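Take this structure first; my questions come after.
Computation of the quantities below employed the complete heavy-atom set of this structure, encompassing side-chain atoms and omitting hydrogens, waters and symmetry-equivalent molecules. Model, not experiment: these values are computed from the prediction. Each ligand, and each atom within it, is numbered from 1 in the order the structure gives.
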Amino acid sequence: MAKLLSFLSFLLYSQLFIMTSSASSPPALCPQDQSNALLQLKTNFSLDRQTSIFCSDAGIKTYPKTKSWKKGTDCCKWDGIQCESKTGNVIGLDLSCSWLRGSIYSNSNLFHLKHLQKLNLAHNDLQRSKILPEYVSLLSLTHLNFTFSSLDGQVPLQLSRLSRLVSLDLSFSGVSLESSVLKKIIQNLTQLRDLALDHIYLATIEPNIFANLPSSLTTLSLNQCDLKGEFPERIVSFPNLKKLVLSENGDLTGDFSKSSWSNSLQYLDIEFTNIAGKLPNAIGNLKSLQFLGISGCKFSGSIPASIGNLKDMWYLSLFRNDFSGPIPHSLSNLGQLKILALSENRLVGKIPNMFGKLTKLIGLTLGANRFTGTIPSSICEIRKLQILDLSNNTLSGTIPPCLGKLTSLESFDVSNNHLVGPIPSGKLRKFHNESYEGNPGLCGFPLSKKCNRE
Ligand SMILES: *[C@@H]1O[C@H](CO)[C@@H](O)[C@H](O)[C@H]1NC(C)=O
Ligand SMILES: *[C@@H]1O[C@H](CO)[C@@H](O)[C@H](O)[C@H]1NC(C)=O
Ligand SMILES: *[C@@H]1O[C@H](CO)[C@@H](O)[C@H](O)[C@H]1NC(C)=O
Ligand SMILES: *[C@@H]1O[C@H](CO)[C@@H](O)[C@H](O)[C@H]1NC(C)=O
Ligand SMILES: *[C@@H]1O[C@H](CO)[C@@H](O)[C@H](O)[C@H]1NC(C)=O
């Protein structure tokens, strides 16, 4: 028995020993040539906090990462560097938001980092450098990010040889992209999952070429690209699609009514396009949807009650379309909503008294519809409300006095309704009388009409 026990403890001990010894075998150090290449690269940039000014908007901390790069230390420990643990090869270089100012020329030491898989130069001032054909020597690249990096010139055709690219972000980078090059990129980069080209001029490309993106796509972002013509509807059905942004392409048409929208969708922003159609009933199945922006489009039909199933939704903006019918009461289930914008449609009926659970709302706009009935007092429970627009309807009755207690309100508009009685005391008297005009029955400050009993 004792023998057995000691054998077992020996087993246990040796097991532990193996585990600790393998855990303590140190990761390889950064190879000297790569360390040198990085140190030389560092000397090609000056530092200026201003170059990374938009990072804080994106919620990213900015600091000069290259300050930690010092000769004689292991480059794998430097800020922004990722090494492969077995070989020590530098496989990741994330210099986003690092205050860098300087150009990258074809003799740059950057191109000596042959093992790079991820390269992020976002939010620096690369002083109108070009995307050089030399980037193609970094054949292992899977992620390439130049967003907000002040580039210039044409994207070279050679970029489409980086066939391992999974993520390509050229949004707001300053580059130009020819139709033939984009075609090749889409055709050749079959691993691509994230593509962001916001603010790149694409007026001459045929939007249908995006239909050739791999169906494993997760993100496509094309805000303000001057896209013209019909967007291929099948993309909204790509099974892994999480984020689709087509906003502010006023001449982009399309109709997603008949496609089954991807169950993975979290973020759909097609605001201010010419996209038309109806919201499908099945939208209620898209349980991951958090952001639905279709303002300023050509949508019609009713708002499906099934939207009330989308419990994670925080942004629902349908304003300036042709929606008709009532507000579905089920919207009261959307407890995460911060923005609910339904103005400028043809919605009818009463405004449901449904705001008791929508306490996270900061913007509620229902103006320029055909709502009747009174202003529901449950709006007073939205303590954080900053914007309330009920103008241009046919609302009647008095303004609930409790609205005067909404101290966060910065914008308030009930003009052009059939409201009567005194304007409540408190916050509501701080607004200009334009917020109240077009209601002959309203009285009291800030209107010049006095109330009888005041
Ligand atoms: C970058 O720095 C290296 C070494 O300091 C230098 O040889 C090279 O000319 C520089 N390149 C640019 C583009 O400034
Ligand atoms: C497309 O990719 C293949 C390899 O994946 C490459 O041989 C070819 O040159 C690429 N075409 C272009 C135009 O880059
Ligand atoms: C590119 O980098 C920026 C800054 O780090 C980041 O916010 C953005 O999400 C990246 N783009 C992609 C497609 O990952
Ligand atoms: C609201 O009504 C006023 C007065 O009729 C009109 O001038 C204004 O354009 C309307 N606003 C909207 C957004 O329809
Ligand atoms: C709004 O206020 C101005 C003075 O600031 C006043 O001249 C005007 O008559 C008021 N309008 C209404 C509708 O009360």
Side-chain angles (χ1 to χ4, degrees), residues 51-63 65 79-80 82 92-100 117-124 126 141-151 165-173 189 191-200 213 217-223 242-245 266-267 295-296 319-322 341-347 365-371 389-395 411 413-419 422-423 429-451:
T51 67
S52 304
I53 196 108
F54 294 124
C55 294
S56 21
D57 291 355
I60 307 167
K61 205 178 131 215
T62 86
Y63 65 101
K65 292 180 186 169
D79 279 338
Q82 189 196 348
L93 180 56
D94 179 358
L95 286 174
S96 60
C97 303
S98 298
W99 305 11
L100 303 179
Q117 294 169 15
K118 297 187 179 180
L119 175 60
N120 192 339
L121 294 169
H123 292 282
N124 292 294
L126 300 185
L141 278 181
T142 57
H143 292 68
L144 185 56
N145 193 331
F146 287 114
T147 187
F148 287 98
S149 55
S150 300
L151 298 172
L165 273 189
V166 166
S167 174
L168 177 62
D169 193 341
L170 302 177
S171 54
F172 297 90
S173 62
L189 303 185
Q191 315 286 312
L192 213 51
R193 291 199 300 257
D194 296 334
L195 179 62
L197 303 174
D198 310 68
H199 281 244
I200 294 183
L213 280 164
L217 192 75
T218 57
T219 303
L220 178 61
S221 198
L222 301 168
N223 166 262
K242 285 192 180 133
K243 182 171 175 178
L244 179 62
V245 177
Q266 294 172 3
Y267 195 105
S295 332
F319 82 83
R320 204 169 296 164
N321 276 287
D322 200 22
L342 305 177
S343 328
E344 298 181 57
N345 281 291
R346 292 189 294 129
L347 300 171
T365 73
L366 306 174
N369 278 290
R370 296 169 187 180
F371 293 122
D389 176 12
L390 304 173
S391 65
N392 294 45
N393 283 294
T394 37
L395 299 172
S411 163
D413 195 351
V414 292
S415 62
N416 303 311
N417 278 292
H418 296 162
L419 299 168
I423 290 168
R429 296 199 176 166
K430 302 264 192 310
F431 296 100
H432 195 268
N433 65 15
E434 285 169 2
S435 295
Y436 300 98
E437 64 193 17
N439 291 283
L442 277 183
C443 61
F445 189 80
L447 291 170
S448 25
K449 185 182 169 193
K450 299 259 183 310
C451 296

Closer than 4.0 Å: a protein non-hydrogen atom to atom 7 (O) of ligand 4: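 No, no protein heavy atom sits under 4.0 Å from atom 7 (O) of ligand 4.
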For atom 9 (O) of ligand 5, closest protein heavy-atom neighbour: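 Sorting protein heavy atoms by distance from atom 9 (O) of ligand 5 puts S448 OG, 3.1 Å first.
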Gap separating the CG atom of L419 from the SG atom of C443, nearest 0.5 angstrom: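 Going from CG on L419 over to SG on C443, the span is 11.5 Å.
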Shortest non-hydrogen contact from P446 toward F431: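 Looking at all heavy atoms of both residues, the shortest contact is CG-O, 3.3 Å.
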For L447, the ligand 5 atoms whose distance to one of its heavy atoms is below 4.0 Å: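 Result: 12 (C), 13 (C), 14 (O).
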Ligand 3 N/O within reach of N145 N/O, cut-off under 3.5 Å: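 Between N145 and ligand 3 (N or O atoms, distance only) the closest approach is under 3.5 Å.
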Exercise: do S150 and N124 side chains pair donor with acceptor under 3.5 Å: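 There is no such pair (donor and acceptor under 3.5 Å, judged by atom type) between the side chains of S150 and N124.
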Close-contact set for ligand 3 against S96 heavy atoms, below 4.0 Å: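 Heavy-atom distances to S96 below 4.0 Å select 5 (O).
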Salt bridge present between D94 and K65 (N-O < 4.0 angstrom):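 Result for this pair is yes, salt bridge flagged.
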Protein residue, atom and distance nearest to atom 10 (C) of ligand 4, heavy-atom basis: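 The closest one turns out to be N392 ND2, 2.4 Å.
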Shortest protein heavy-atom distance from atom 11 (N) of ligand 3, along with the residue and atom involved: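 Looking only at protein heavy atoms, the one closest to atom 11 (N) of ligand 3 is D169 OD2, 2.8 Å.
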Sub-4.0 Å protein heavy atom next to atom 14 (O) of ligand 4: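 Within 4.0 Å of atom 14 (O) of ligand 4, protein heavy atoms are found.
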I60 neighbourhood, listing ligand 3 atoms whose heavy-atom distance to it stays under 4.0 Å: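 By the 4.0 Å cutoff, the relevant atoms are 4 (C), 5 (O), 7 (O).
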Structural part of A196 in contact with ligand 3, heavy atom criterion under 4.0 angstrom: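 Looking at A196 and ligand 3, no heavy atom falls under 4.0 Å.
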Contact partition for S167 relative to ligand 3, non-hydrogen atoms under 4.0 Å: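 Within the 4.0 Å criterion, S167 contacts ligand 3 through side-chain atoms alone.
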Which atom of T62 lies closest to which atom of S52, heavy atoms considered: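 Smallest interatomic distance, heavy atoms only, reads CG2-O, 3.6 Å.
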Region of D94 engaging ligand 3 - heavy atom pairs below 4.0 Å: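 For D94, no heavy atom sits under 4.0 Å from ligand 3.
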Distance-only donor-acceptor check, side chains D389 and T365, under 3.5 Å: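 Per modelled atom types, D389 and T365 side chains form no pair under 3.5 Å.
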Approximate separation, where rounding is to 0.5 Å, of F319 CZ and E344 CD: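 Nearest 0.5 Å value for the CZ-CD distance: 6.5 Å.
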N433 contact mode with ligand 5 (heavy-atom cut-off under 4.0 Å):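 The answer is the side chain.
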Side-chain H-bond candidate by donor/acceptor type, N416 with N392, under 3.5 Å: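 The criterion, which ignores hydrogens and geometry beyond distance, is satisfied for N392 and N416.
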Any donor-acceptor N or O pair under 3.5 Å, side chains S415, D413: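 Present: a donor and an acceptor within the cut-off.
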Residue portion contacting ligand 3 (non-hydrogen atoms closer than 4.0 Å) for N120: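 It is the side chain that gets close, since no backbone atom is under 4.0 Å.
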Polar contact flag, side-chain donor to acceptor under 3.5 angstrom, D198-S221: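 On atom types as modelled, these side chains qualify, holding a pair under 3.5 Å.
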Protein contact to atom 4 (C) of ligand 4 [nearest heavy atom, distance to 0.1 Å]: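 Result: N416 ND2, 3.7 Å.
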